[in-house]
Amino acid sequence: MKDSDRLNKTDPEWIDISVPIYSGMVHWPGDPAVQIDLVHALSRGDAANVSKLDIGAHTGTHMDAPRHFIADGVGLDEMPLYATIGPARVIPIEDLHAILPEELELHNLQAGERVLFRTKNSECCWKDNRFVEDFVYISASAAKFLVQRKVRTIGIDYLSVGGYVHDGVETHQILLGAGIWLIEGLNLSAVKPGDYDLICLPLRVVGGDGAPARAILRQISNQESR
């Protein structure tokens, strides 16, 4: 099968783990609200439909660049493509409050891994447009653990790797300061824990601290993993 065929939206092998972008959708408090307007419309006699997107860089499913929290950090346009294209592991998190080192110890994380954390967020936090303050986040101690394990890329299933009340800034600084690439705002409700092929490409914003992204997974069979 051709690669183009595998990426077709009707291909059941691929799972879209990004969230839809629409006016009024949930966003981080203080960030720009999402507004999409049709500025030219066929229905009004215009030659084409043309929409205006008024969104923040960290809207919906998006990526963080080191520049988001590190003053001299690189922008998202400098991200190497291998950071978010290749094998990835979806790891289930049982703790209902935060990701902790004690739980991560059970998963034998390896240097260079791309890991996506599936928490209660996927089932609970994307149901409506209300911002959920008590989402499961990566604790600062877990962030230090992930740096020690030298993982390459981390994904989380709500709008931030750090918490709203606790460890919001510190977790970002620890991970981004170590050069770990961050995918936030995933919806992993249709995904079982296991090994997958990951493709996640953010918009190529020059010097960007972040950008919306489309992310998809395809499960790796036991034969392929061997």
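Computed from heavy atoms alone, side chains included, the values below leave out hydrogens, waters and symmetry copies. Nothing fancy with the numbering, it's 1 onward along the sequence.
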Can you name the closest pair of heavy atoms from [X] and [Y] and give their distance?
{"X": "Ala47", "Y": "Leu42", "value": "O-CD2, 3.4 Å"}
{"X": "Ser160", "Y": "Glu184", "value": "CA-OE2, 3.3 Å"}
{"X": "Ala142", "Y": "Ile99", "value": "CB-O, 3.1 Å"}
{"X": "Leu175", "Y": "Ala143", "value": "CD2-O, 3.7 Å"}
{"X": "Asp64", "Y": "Trp181", "value": "O-CE3, 3.9 Å"}

Output yes when a side-chain donor or acceptor of [X] lies under 3.5 Å from a complementary backbone atom of [Y], and no otherwise.
{"X": "Arg118", "Y": "Ser189", "result": "yes"}
{"X": "Asp37", "Y": "Lys52", "result": "no"}
{"X": "Ser122", "Y": "Leu188", "result": "yes"}
{"X": "Gln110", "Y": "Asn108", "result": "yes"}
{"X": "Asp16", "Y": "Ile216", "result": "no"}
{"X": "Asp167", "Y": "Gly162", "result": "no"}
{"X": "Thr61", "Y": "Ala213", "result": "no"}
{"X": "Thr59", "Y": "Gly56", "result": "yes"}
{"X": "Arg218", "Y": "Asp197", "result": "no"}

Looking at [atom1] of [X] and [atom2] of [Y], how far apart are the two atoms once the value is rounded to the nearest 0.5 Å?
{"X": "Tyr196", "Y": "Glu13", "atom1": "OH", "atom2": "CD", "result": "12.5 Å"}
{"X": "Leu109", "Y": "Gln148", "atom1": "CG", "atom2": "CD", "result": "11.5 Å"}
{"X": "Asp95", "Y": "Glu102", "atom1": "CG", "atom2": "CD", "result": "9.5 Å"}
{"X": "Leu198", "Y": "Thr153", "atom1": "CG", "atom2": "OG1", "result": "8.0 Å"}
{"X": "Arg114", "Y": "Asp195", "atom1": "CZ", "atom2": "CG", "result": "12.0 Å"}
{"X": "Asp157", "Y": "Asn121", "atom1": "CG", "atom2": "CG", "result": "4.5 Å"}

Subject >> Chi angles and distances behind the salt bridge (Lys or Arg N to Asp or Glu O under 4.0 Å) call for Arg67, Asp72 >> reply: CA-CA 7 Å; Arg67 182 165 294 181; Asp72 59 350; over 6 Å; no
Between [X] and [Y], is there shared hydrophobic-cluster membership here, with clusters defined by ILVMFWY side-chain heavy atoms closer than 4.5 Å?
{"X": "Ile70", "Y": "Val147", "result": "yes"}
{"X": "Val151", "Y": "Val90", "result": "no"}
{"X": "Leu146", "Y": "Leu182", "result": "yes"}
{"X": "Val161", "Y": "Leu104", "result": "yes"}
{"X": "Ile138", "Y": "Leu186", "result": "no"}

Side chains of [X] and [Y]: does their closest heavy-atom pair fall under 4.5 Å?
{"X": "Ile17", "Y": "Val191", "result": "yes"}
{"X": "Leu76", "Y": "Val205", "result": "no"}
{"X": "Ser139", "Y": "Pro101", "result": "yes"}
{"X": "Ile154", "Y": "Leu116", "result": "no"}
{"X": "His107", "Y": "Pro193", "result": "no"}
{"X": "Pro32", "Y": "His27", "result": "no"}

**OP:** Output the rest of the hydrophobic cluster of Val26: all Ile, Leu, Val, Met, Phe, Trp and Tyr residues reachable through side-chain heavy-atom contacts under 4.5 Å, sorted by chain and number.
**Re:**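 Result for Val26 is Val19, Ile21, Tyr22, Met25, Trp28, Val34, Ile36, Leu53, Ile55, Trp126, Phe131, Val132, Phe135, Tyr137, Tyr158, Leu159, Tyr164, Val165.
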Subject >> Working for side chain to side chain contact (heavy atoms under 4.5 Å, CB included), residues Cys200 and Met63 >> reply: CA-CA 9 Å; Cys200 177; Met63 287 198 63; 4.1 Å; yes
Subject >> Inter- and intrachain pairs under ring-ring contact (aromatic ring centres under 6.0 Å, His included), touching residues 43-84, at least two apart >> reply: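 Matches after skipping sequence neighbours: His58-His62, His58-His68, His68-His172, Phe69-His172.
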**OP:** Output every pair passing side-chain hydrogen bond (donor to acceptor under 3.5 Å, both in side chains) with a member in residues 39-48, not counting sequence neighbours, ordered by first then second residue.
**Re:**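 Counting only pairs at least two positions apart or across chains, no side-chain hydrogen bond (donor to acceptor under 3.5 Å, both in side chains) contact touches residues 39-48.
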**OP:** Could you tell me whether Glu94 and Lys120 make a salt bridge, using a distance below 4.0 angstrom between a side-chain N and a carboxylate O?
**Re:**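 Here Glu94 does not pair with Lys120 in a salt bridge, since their nearest N and O are not under 4.0 Å apart.
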Subject >> salt_bridge(Arg204, Glu78) N-O dist < 4.0 Å >> reply: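 Salt bridge flag = no for Glu78 with Arg204.
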Original post:
Pick one: which of Lys150, Arg89, Arg152 meets salt bridge (Lys or Arg N to Asp or Glu O under 4.0 Å) with Glu113?
Top reply: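 Among Lys150, Arg89, Arg152, the one meeting salt bridge (Lys or Arg N to Asp or Glu O under 4.0 Å) with Glu113 is Arg89.
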**OP:** Applying side chain to side chain contact (heavy atoms under 4.5 Å, CB included), run through Ile156 and Ile183 and close with a yes or a no.
**Re:** CA-CA 6 Å; Ile156 190 76; Ile183 310 171; over 6 Å; no
**OP:** Would you sort out whether Leu38 and Asn49 count as a side chain to side chain contact (heavy atoms under 4.5 Å, CB included), showing the intermediate values?
**Re:** CA-CA 7 Å; Leu38 199 61; Asn49 288 321; 4.0 Å; yes
